Amino acid sequence: MPDRPVRVRLAPSPTGTPHLGTMRQAIFDWLLARHSGGTFVLRIEDTDRNRFVPEALDSLYESLRWLGLDWDEGPEAGGPHAPYFQSQRLDLYAAAAKRLIDAGHAYECYCTPERLDAMRNAQREAKQPPHYDGRCRTEAGRAEAKLEAGDRSPVVRFDMPDEGVTVVADALRGDVSFENVRLDDAVLMKSDGFPTYHLAMPVDDHEMQITHVIRGEEWLPSAPLHKCLFDALGYDLPVLIHTPSILGPDKSKLSKRHGAQSVLDYRDAGYLPDAVFNFLGLLGWSLDDKTEIISRDEFVEHFSTDRLLKSPAVFNKEKLDWMNGEYIRLMPVERLAALLIEWLERPEADGGLPAAAPRPLDAAYTARIVPLVRERVKLLPEARDMMAFFYLPDGLDLDAETLAGKAFAGDHDKARLLFSEALVTAEGVDPWNHEALEAAFQALVERLEVKRGDLYMLIRIAISGRPVAPPLFDSMELVGRERCIERLRDAVNRF
RNA sequence: GCCCCCAUCGUCUAGGGGACUAGGACGUGGCCCUUUCAAGGCCAAGACAGGGGUUCGAAUCCCCUUGGGGGCACCA
């Protein structure tokens, strides 16, 4: 196995938007492939026609692309093992099933769902593990079941050995052994002619020459079945790696009730793909004892499956938020500006600027604003409220209450006086830059003998509309003389 | 009920017999910087689940207990 070139696959089932756990697996798959110069295959496991959701494919491709996980073979990419949809490979599975039956490793089962249900309920009530009783293993049982089934098509079951132990080698967990008596005769072929995962996976992994299977730990209990199937089919078992689950804050497996569960949700909330990649890549894997921010190239260079962890990890959103802030600050100004513009130009309801701000937004102007806001923002949409005043054409339409702020809530007369002084001061500033502005207003503070913070807060609110804003004089420089004076004059008139 | 996996600060983790008075990060608290809010800097609190072994020596190896997670479908 180690001599063959590495081939890994992501094999999701298109039943909804892909889960964060799936995407983390994709990251590990991709990393292993890129690190070793191998091939990353995408295969769609669409063998359950009842659960198939057509839109799921698009959100899968979108998720992978958003994270920058390109696949070498698969849908839209093609490849020597096409088609990459299991629903289009039914002949392969049928042939494999026939081969297993002929070799005595599998048998047709005519038991009805009703009988199986009743059987399992009885077993559960008797505190027994649910288990197929093997009626159709024998000629006689099969004949009996066939009568009950009417014209219903049979399923094909694997004839699992009743004795002995199956040992599965997991690259992370070592040898895991299972008593064969506890293992069920799994269904390989459904009565609708579609294979189950258990059959399709070995057939495809063999045909596609997959060398490493990275999958969630929920598969570990069926790993012995898979090993037996690979053996029965005469295939080499790939290296198996069962990754631990991602847990919600309550330590149960992450799911919809924990909120966002798709990377697309994070994209829409204003997270950066590199940050999400970095964060997910570090959930269950680490480079060393201190590195938190890792570039994609470093990930690829250093990734190794033996630094994978086997214990489940709680999804720590606060840390993701922090990391996203780091990535925002790491990003070149122009790129961040472009990204922000994309966001700000949306309709207000979708997280964009108020309609009063004229579009399109000026890229050069935005690039000057970015250094002022970048360290105040963890998520992209947070920039909206912080940046709006730069783009609004004229007055902010604030009432006296807002303008007076906390410090002058009980003394509007004083606020009005300060605003008119500020207006006069602003009118005298030349040139209009932050140094001159600061000097002028500092002088005003001294002349009026007011608290500097109090005066600046008034001006901040008048100019930006909010008590929390980027640095005042840099902001005023960018907003420009005309609009600043207009907003100050407006403030005076509101009292 | 049965089977399997896992177990270091609240969380993500480093650690793979002596380098551990257990390191880093997020978060939390404090201080500094400061025109607001951040960012940044410094400091602090905070963990080897418990019990047995093995060993001169155990966070590291073994066993048991406990706790958590997962699985037991004509779903993947």
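Quantities reported herein were computed from a predicted structural model and do not represent experimental measurements. A note on names: the letters A, B, ... follow the listed sequences, proteins ahead of strands, and every chain is numbered from 1.
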Gap in Å between the two [atom1] atoms, one belonging to [N] and one to [M], rounded:
N     : M     : atom1 : result
B:A14 : B:A25 : C1'   : 11 Å
B:G15 : B:U60 : C1'   : 8 Å
B:G10 : B:A49 : C1'   : 15 Å
B:C62 : B:U55 : C1'   : 12 Å
B:G46 : B:C4  : P     : 39 Å
B:C31 : B:A45 : C1'   : 15 Å
B:C61 : B:C48 : C1'   : 15 Å
B:A59 : B:U8  : C1'   : 7 Å

With heavy atoms under 4.0 Å as the rule, sort [X] into base, sugar-phosphate or nothing.
X      : value
A:A469 : base
A:V314 : sugar-phosphate
A:K190 : base
A:R329 : sugar-phosphate
A:P195 : sugar-phosphate
A:E318 : sugar-phosphate
A:P244 : nothing
A:I461 : nothing
A:K319 : base
A:F194 : nothing
A:Q442 : nothing
A:R157 : sugar-phosphate
A:L283 : sugar-phosphate
A:S191 : base

Strictly below 4.0 Å, N to O, side chains only: are [X] and [Y] in salt-bridge contact?
X      : Y      : value
A:E108 : A:K146 : no
A:R43  : A:E207 : no
A:R466 : A:D385 : no
A:K310 : A:E217 : no

Check: A:Y197/A:D48 side-chain N/O donor and acceptor closer than 3.5 Å
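Per modelled atom types, A:Y197 and A:D48 side chains form no pair under 3.5 Å.
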For residues A:F230 and A:M201, report the shortest heavy-atom separation together with the two atoms involved.
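Nearest pair, atom of A:F230 first, then A:M201: CE1-SD, 4.0 Å.
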Taking all heavy atoms of A:D162 and all of A:V181, pick out the closest pair and write down the distance.
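The answer is O-CG1, 3.4 Å.
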Regarding A:R142 and the six-membered ring of A:Y107, is the cationic atom NZ or CZ under 6.0 Å from the ring centre and inside 45° of its axis?
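Output no; distance or angle outside limits.
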5' priority, RNA chain B, between A:Y110 and A:N316 [closest heavy atom]
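On the 5' side of the pair lies A:N316.
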When the nearest nucleotide of RNA chain B is assigned to A:H131 and to A:G284 on a heavy-atom basis, which residue is associated with the more 5' position?
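It is A:G284 whose nearest nucleotide is closer to the 5' end.
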Nucleotide opposite [N] in a Watson-Crick or G-U pair, distances under 3.5 Å:
N     : result
B:G40 : B:C32
B:G10 : B:C26
B:C2  : B:G71

With salt bridge (Lys or Arg N to Asp or Glu O under 4.0 Å) as the criterion, how do A:R135 and A:E144 come out once you've worked through the C-alpha distance, each side chain's angles and the decisive distance to 0.1 Å?
CA-CA 9 Å; A:R135 175 164 78 152; A:E144 191 187 326; 3.1 Å; yes
First contact, last contact: which nucleotides of RNA chain B are these for chain A, 5' to 3', heavy-atom distance under 4.0 Å?
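Range of nucleotides touched by chain A: B:G1 to B:A76.
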